[in-house]
Amino acid sequence: MKAAKPIIWNGIIREFQEFLPKVKDDNVVTLREGNTPLIEAVNMEGIFESGLKIFLKYEGLNPTGSFKDRGMTMAVSKAKEDGSHAIICASTGNTSAAAAAYAARGGLRAYVLIPEGKIALGKLSQAMMHGATVIQIQGNFDDALAIVKEVSKTYPVTLVNSINPYRIEGQKTAAFEICNQLGFAPTYHFLPVGNAGNITAYWKGYKEFKEKGIIKTLPKMMGFEAEGAAPIVMGRPVKNPETVASAIRIGNPSSWEAAVKARDESGGAIDMVSDDEIIYAYKLLAREGVFCEPASAASLAGVIKIHKKGIFKNGDMIVCTLTGHGLKDPDTAIKSSEKPVTVPPDLEKVVKVLGFKP
Ligand code: F0G
């Protein structure tokens, strides 16, 4: 018998330690996040001309189902190292799920503030199941963020929203992985923008790899807000943001300036896509066999929008970050799909529905 071949991935803190703030090994709180696949889109003929290569960085395959795990392992490990016993965040859902899971793992308390009735079911169930104290705010994400910032100033709890610099440090590792997976940096990097931490993190990651000589070129950073929640595009905060992509229903992003810097330094763009465009892209991705949540599809919706403007050149290499798993938001998936057919337990009736001749 052949010996079993171990395939071991130690999580982003241990795998990328030379690029990250130091953490004592005993304090590392990890669920072995990272190492997510980069999947080439193969079923998009007819939408894009051949020659355009689109790769999907499927961050929904992180331990809690979103890219937030990369930042959370770093932030919670550092909180632990600093002797903190509790963490707090505001969230549209994914940050709270990751905070709850990593706090549980590390033996810290988690307090999460979420907009009442506006987070997807899967995310709510995660925060509850991992034992976080869940507080529903009768307001939006921006209201919740203002409160947690105040709480963390006065009380002994560590803020783990992306204003916490360790979050950005952890999240930049997705850019490292993409460069390692492709062997170079893409021409364009598309991603959804909500609180604007992730676009900031990716840009930092790409620049660090370039400074080290690991890559020769940098991508253009292409961030996409939802039309009803597009403060950066509008150039002013949005008081009552609204979108089907509840993860990015944010009217006053924390990393606004850093995102604009990433856009300008990279020669990229921050633009917006409508809910219809998001759902269209969400379904196209499902046709690839890749199930992401609606907000994630804003990246591909952005590619379609830019493609229509005729900006891409043959051979351009495009990466879209799919930030969260589709199972996070089963309600939107069911609403966006064909309904199941119900029949009695009868062979003939089933065969008829299948479209075969009985
Ligand atoms: N996609 C998903 C699935 C998200 O959950 C988020 C943010 C984003 C994109 C946008 O990333 O904020 O770095 O620009 N979710 C945060 C949360 C706000 O609370 O889970 P960003």
Side-chain angles (χ1 to χ4, degrees), residues 57-62 64-72 75 88-101 110 112-115 118-120 122-124 126-127 132 134 137 140-145 148 159-164 167-168 170-172 174 190-204 221-226 229-232 241 243-256 258-260 262-263 270 272-273 278 281-282 285 291-302 320-329 332:
K57 180 67 171 162
Y58 193 17
E59 287 287 278
L61 293 188
N62 275 296
T64 78
S66 87
F67 72 97
K68 304 287 180 180
D69 294 346
R70 295 179 185 274
M72 206 53 76
I88 191 166
C89 66
S91 182
T92 57
N94 281 323
T95 300
S96 62
V112 306
L113 272 69
I114 54 171
K118 293 291 186 182
I119 83 167
K123 306 174 188 182
L124 180 62
Q126 289 176 289
V134 180
I137 297 292
N140 59 34
F141 170 85
D142 305 287
D143 301 322
L145 186 61
V148 296
L159 185 66
V160 295
N161 280 105
S162 56
I163 323 157
N164 179 328
R167 282 276 315 278
I168 303 290
Q171 283 173 209
K172 76 184 180 191
F190 282 75
L191 76 173
V193 172
N195 209 25
N198 213 25
I199 188 170
T200 305
Y202 269 100
W203 183 235
K204 188 168 195 288
M221 299 304 300
M222 309 293 284
F224 282 79
E225 297 185 308
I232 301 178
T243 167
V244 67
S246 59
I248 53 172
R249 185 175 167 270
I250 293 175
N252 192 11
S254 293
S255 300
W256 187 321
V260 167
R263 174 195 71 190
I270 295 180
M272 60 187 177
V273 280
I278 289 172
Y282 174 60
L285 288 160
F291 192 18
C292 67
E293 63 174 290
S296 306
S299 59
L300 182 67
C320 292
T321 300
L322 303 183
T323 44
H325 202 290
L327 289 172
K328 294 267 190 179
D329 189 354
T332 307

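Atoms within a ligand are numbered from 1 in the order they appear, just like the ligands themselves. Side chains included, hydrogens not; waters and symmetry mates left out as well; all remaining heavy atoms used.
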Heavy-atom pair of closest approach, residues [X] and [Y]:
{"X": "P241", "Y": "G251", "result": "CG-N, 3.7 Å"}
{"X": "A245", "Y": "I278", "result": "CB-CD1, 4.2 Å"}
{"X": "V260", "Y": "I270", "result": "N-CD1, 4.3 Å"}
{"X": "I163", "Y": "L159", "result": "CD1-CD2, 3.6 Å"}

Looking at [X], which atoms of ligand 1 are within less than 4.0 Å of one of its heavy atoms?
{"X": "T95", "result": "16 (C), 17 (C), 19 (O), 20 (O)"}
{"X": "N195", "result": "12 (O), 14 (O), 21 (P)"}
{"X": "V193", "result": "14 (O)"}
{"X": "E293", "result": "3 (C)"}
{"X": "T92", "result": "15 (N), 16 (C), 17 (C), 18 (C), 19 (O), 20 (O)"}
{"X": "N94", "result": "2 (C), 3 (C), 4 (C), 5 (O), 20 (O)"}
{"X": "I250", "result": "18 (C)"}
{"X": "G197", "result": "13 (O), 14 (O), 21 (P)"}

Can you check whether [X] reaches [Y] side chain to side chain, under 4.5 Å on heavy atoms?
{"X": "P253", "Y": "N195", "value": "yes"}
{"X": "I199", "Y": "L191", "value": "yes"}
{"X": "L145", "Y": "N252", "value": "no"}
{"X": "I248", "Y": "V193", "value": "no"}
{"X": "R70", "Y": "N62", "value": "yes"}

For ligand 1, does [X] get within less than 4.0 Å through its side chain, its backbone, both, or neither, judged by non-hydrogen atoms?
{"X": "T200", "answer": "neither"}
{"X": "K68", "answer": "side chain"}
{"X": "I199", "answer": "neither"}
{"X": "Q171", "answer": "neither"}

For the pair Y282 and F291, name the ring-plane relationship: parallel under 30°, tilted 30 to 60°, perpendicular over 60°.
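Ring orientation of Y282 relative to F291: tilted.
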[atom] [closest protein heavy-atom partner, distance rounded to 0.1 Å]:
{"atom": "atom 4 (C) of ligand 1", "result": "A247 CB, 3.5 Å"}
{"atom": "atom 13 (O) of ligand 1", "result": "N198 N, 2.8 Å"}
{"atom": "atom 11 (O) of ligand 1", "result": "F67 CZ, 3.5 Å"}
{"atom": "atom 8 (C) of ligand 1", "result": "I248 CG2, 3.6 Å"}

Please say whether [X] places an N or O atom under 3.5 Å from an N or O atom belonging to ligand 1.
{"X": "A196", "result": "yes"}
{"X": "T323", "result": "yes"}
{"X": "G324", "result": "no"}
{"X": "S96", "result": "no"}
{"X": "G194", "result": "yes"}
{"X": "K123", "result": "no"}

Is the closest side-chain donor-acceptor distance between T323 and S66 under 3.5 Å?
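S66 and T323 do not have a side-chain donor-acceptor pair below 3.5 Å.
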Go through the steps to decide whether T95 and R167 satisfy the test side chain to side chain contact (heavy atoms under 4.5 Å, CB included), and finish with yes or no.
CA-CA 10 Å; T95 300; R167 282 276 315 278; 3.7 Å; yes
Could you go step by step and tell me if K204 and Q171 meet the side chain to side chain donor-acceptor pair (under 3.5 Å) rule?
CA-CA 9 Å; K204 188 168 195 288; Q171 283 173 209; over 6 Å; no
So, the side chain of D329 versus the backbone of E293: is there a donor-acceptor pair under 3.5 Å, distance only?
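The answer is no, because no donor-acceptor pair under 3.5 Å joins these two groups.
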Would S162 count as a contact residue for ligand 1, given that I'm defining contact as a non-hydrogen atom of the residue lying under 4.0 Å from a ligand atom?
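False for this residue.
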Would you please determine whether S66 falls within less than 4.0 Å of ligand 1 on a heavy-atom basis?
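No, S66 has no heavy atoms under 4.0 Å from ligand 1.
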